[in-house]
Amino acid sequence: MNYLMTKVEMPLIPVIAELEKNGYLIDCGFFTSLRDYLEPEQADILAKIQEIAGLEFNPNSSKQIAKLLYEALSLPIPKKTEKGSPSTDEESLTLLSNENQVVHKILQYKKIAKLLSTYCKFPLEVDYDLRLRPKYNQIGTVTGRLTATNKIQTLPKEDGYGIRNGFIAPPGFKIVAADFDQQELFVLASVSGDQAMLEAISSGVDLHGLVAKKIFDLDCEPNEVKRLHTKKRNQIKAIQFGIIYGRSAQSLAKELSLTVEEAEGLVKAYFKSFPKVEAFIENSHIFAKRNGYIVDVFGRSRVLPDAQRTGRSEFGLLNASLREAQNFPIQAAASTVTKLAMIQCHNHIRESHPQIKMILSLHDELQFEVPDEEVEHFAAELPALMTDLGVESFGFKIPFKVTVTSGQSWGSLAAHQQPSLESAK
DNA sequence: TACTTCGGCCAC
DNA sequence: AAACGTGGCCGAAGTA
């Protein structure tokens, strides 16, 4: 039997069962108060929009918005949807927001509508004990990641109202969260075997800052790049994420307000610094073209029949496949790393901390509900539990890094006091 | 009423 | 026309 089946997926089943049994405690009062605050706001904004557009106008309808903006008001169409209709998404509306006051109001309305329709209904979805119990799907993605119901994986971070504050620990308990730092970049460095990137990561400094310093030849410390050269650091950040996603120079250029040539130059400089990253990407493309599938270091595979297309008219399909081939070995291996960490945490809790509950798994993060008196101890144990995974033979020669935070709610997690790096060694 | 498609938007 | 990978889920509108 192969590794993934015997050491990952099968042992994970009882962990997921626990996760589903535990659920996440909800502060229902928080959400009903927020709803009661937002509903009149929404009604006010709707009234103002309807003054301009007519009484039966519904800003929840993209069709009606398009009709109003592009027909009645004859505003220019910034972009179209996949099917060719004039787009009314946030990006388009923001571009038009100076043209007409109603656009601004529609944007405000959409923000509130999203919160009310999607993120204020948890009180209706909790069980008798006020716990939300998402269902995890172990085979919900092609890459090995978990999927989950109840929007537990898509709670907004910067919504202005602190939605995450409504996800709480009971009295006498704290939420303890553990995140892998830059998990996918660690994976990329490891599976590509790029010595420069591995060293950059091992150094423990801000990775985007360090790479920006290297590529732009900055003369400050890597950890100061974020403050002193924010823009340059953001460019590197976009490039590094772009590599994980197979992003084109063209779309990088658009996001960073650069010319395509400038973006291409940056990517070139990046690859010059990390040659094995470039080779790894090329090899992923070549493998997928040759074989019609791709496989990661743990043996997880994905069929990619479109990678073998050759026709001119199939170029789009081919390229989409090659991006998938490029992303898969990174995202898939990262998902296995998280699953291994889940299994270790679960086993350790079962043996030593019967009061602790695992309550969330979110791609590169795990959360636990921990009795106050055990928080210190468990927080200190977590990094080793999640990083000593026995995966050296799969190419992971440098340890992953984990950051632990804790707090009364998901929205108020704060850095946990950690032992210094020196004493950890 | 039930289901599907579309446009849109939230996360990692 | 766009050109960024993996998803869930919302309301509107159309269809069975």
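As a basis for the values below, the full set of heavy atoms in this structure was taken, side chains included, without hydrogen atoms, waters or symmetry mates.
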Checklist entry - What does A:K114 touch in the nucleic acid at a heavy-atom separation under 4.0 angstrom: a base, only the sugar-phosphate, or nothing? => result base
Checklist outcome for this item: Of A:H363 and A:S117, the one whose nearest nucleotide on DNA chain C sits closer to the 5' end is A:H363
Checklist entry - Tell me: CG of A:N58 to P of B:dG7, nearest whole Å? => result 17 Å
Checklist outcome for this item: Taking C:dC4, C:dG7, B:dC10 as options, the one with an atom nearest any side-chain atom of A:R247 is C:dC4
Checklist entry - A:F396: what forms a ring-ring contact (aromatic ring centres under 6.0 Å, His included) with it, not counting sequence neighbours? => result A:F298, A:F400
Checklist entry - Are the aromatic ring centres of A:F368 and A:F378 under 6.0 angstrom apart? => result yes
Checklist entry - Given C:dA12, B:dC12, B:dG7, which nucleotide is nearest the side-chain atoms of A:L362? => result B:dC12
Item to check | Protein-nucleotide distance (A:K110, atom NZ; B:dG7, atom P), rounded to Å | outcome: 12 Å
Checklist entry - Do any side-chain nitrogens or oxygens of A:T143 fall under 4.0 Å of OP1 or OP2 in C:dG5? => result no
Checklist entry - Considering only side-chain heavy atoms of A:T81, which listed nucleotide, C:dA13, B:dG8, C:dC10, is closest? => result B:dG8
Next on the checklist: Looking at A:K254, I'd like to know whether one of its side-chain N or O atoms comes within less than 4.0 Å of OP1 or OP2 on C:dA1.
Outcome noted: no
Checklist entry - Do you see a donor-acceptor pair shorter than 3.5 Å between the side chains of A:H348 and A:E381? => result yes
Checklist entry - In whole angstrom, what separates A:Y245's OH from C:dG7's P? => result 13 Å
Next on the checklist: Using only modelled atom types and a 3.5 angstrom limit, is any donor from either the side chain of A:K151 or the base of C:dC9 paired with an acceptor on the other?
Outcome noted: no
Checklist entry - If you look at every heavy atom in A:P11 and A:M5, which pair is closest and at what distance? => result CD-O, 3.9 Å
Checklist entry - Going by atom types alone, do A:S92 and A:D89 pair a side-chain donor with an acceptor below 3.5 Å? => result yes
Item to check | Spacing of the C1' atoms in B:dT5 and C:dC4 (rounded, Å) | outcome: 23 Å
Checklist entry - For A:K21, does the NZ atom have more than 12 heavy-atom neighbours from other residues, nucleotides or ligands under 6.0 Å away? => result no
Next on the checklist: I'd like to know if the side chain of A:D181 pairs up with that of A:T403 as donor and acceptor (distance under 3.5 Å, no hydrogens or angles considered).
Outcome noted: yes
Checklist entry - Are OP1 or OP2 of B:dC6 and a side-chain N or O of A:K83 less than 4.0 angstrom apart? => result yes
Checklist entry - For C:dC4, does OP1 or OP2 lie under 4.0 Å from any side-chain N or O of A:Q250? => result no
Next on the checklist: Check for me whether the distance between the ring centres of A:F167 and A:F122 falls short of 6.0 Å.
Outcome noted: yes
Next on the checklist: Measuring from the side chain of A:R145 (C-beta onward, heavy atoms only), which nucleotide among B:dC9, C:dG11, C:dT6 has the closest atom?
Outcome noted: C:dT6
Checklist entry - CZ of A:R323 versus P of C:dG5: gap in Å, rounded? => result 4 Å
Item to check | Donor-acceptor side-chain pairing of A:Q240 and A:Y270 below 3.5 angstrom | outcome: yes
Checklist entry - With a non-hydrogen cut-off below 4.0 angstrom, is A:E90 in contact with a base, only sugar-phosphate, or nothing? => result sugar-phosphate
Item to check | Residue-level proximity of residues 288-319 of chain A to DNA chain B when a heavy atom falls under 4.0 Å | outcome: none
Next on the checklist: Looking only at the aromatic ring of each residue, does the gap between the centers of A:F31 and A:Y119 stay below 6.0 angstrom?
Outcome noted: no
Next on the checklist: Classify A:K135 by what it touches in the nucleic acid, base, sugar-phosphate, or nothing, heavy-atom distance under 4.0 Å.
Outcome noted: nothing
Item to check | Whole-Å gap separating P (B:dC10) and NZ (A:K121) | outcome: 16 Å
Checklist entry - So what does A:T88 touch, heavy atoms closer than 4.0 Å: a base, only the sugar-phosphate, or nothing? => result sugar-phosphate
Item to check | Side chain of A:S62 - closest among B:dC10, B:dG8, C:dA13 | outcome: B:dG8
Next on the checklist: Using a heavy-atom cut-off of 4.0 Å across all strands, would you classify A:A148 as base, sugar-phosphate, or nothing?
Outcome noted: sugar-phosphate
Next on the checklist: Mind checking if A:G242 touches a base, just sugar-phosphate, or nothing, with heavy atoms under 4.0 Å?
Outcome noted: nothing
Checklist entry - How far does the P atom of C:dA3 sit from the matching atom of B:dC9, given to the nearest Å? => result 15 Å
Item to check | A:W410 CH2 - B:dA11 P separation (whole Å) | outcome: 11 Å
Item to check | Distance test, side-chain N/O of A:T149 to OP1/OP2 of C:dG8, below 4.0 Å | outcome: no
Item to check | Proximal nucleotide (of B:dC10, B:dG7, B:dA11) relative to the A:R164 side chain | outcome: B:dA11
Next on the checklist: From CD of A:E82 over to P of C:dC4, roughly how many Å is that when rounded to an integer?
Outcome noted: 13 Å
Checklist entry - Which is true for A:I330 with a 4.0 Å heavy-atom rule: it touches a base, it touches only sugar-phosphate, or it touches nothing? => result nothing
Checklist entry - Where the side chain of A:T154 is defined as all heavy atoms beyond and including C-beta, which of C:dG5, C:dG7, C:dC4 is the nearest nucleotide? => result C:dG7
Item to check | 5'-most by nearest nucleotide on DNA chain C - A:K79 or A:E324 | outcome: A:K79
Next on the checklist: Categorize A:Q183 for me: base, sugar-phosphate, or nothing, with a 4.0 angstrom heavy-atom threshold over every strand shown.
Outcome noted: nothing
Checklist entry - Taking only side-chain nitrogens and oxygens of A:K157, does any of them come within less than 4.0 Å of OP1 or OP2 of B:dC12? => result yes
Next on the checklist: What's the closest nucleotide to the side chain of A:Y119 if the choices are B:dG8, B:dC10, B:dA11?
Outcome noted: B:dC10
Checklist outcome for this item: Picking from C:dG5, C:dC4, C:dC9, the nucleotide nearest the side-chain atoms of A:Q331 would be C:dG5
Next on the checklist: Base, sugar-phosphate or nothing for A:E255? Non-hydrogen atoms, less than 4.0 Å.
Outcome noted: base
Next on the checklist: Tell me the interatomic distance from A:I106, atom CD1, to C:dG11, atom P, rounded to whole angstroms.
Outcome noted: 19 Å
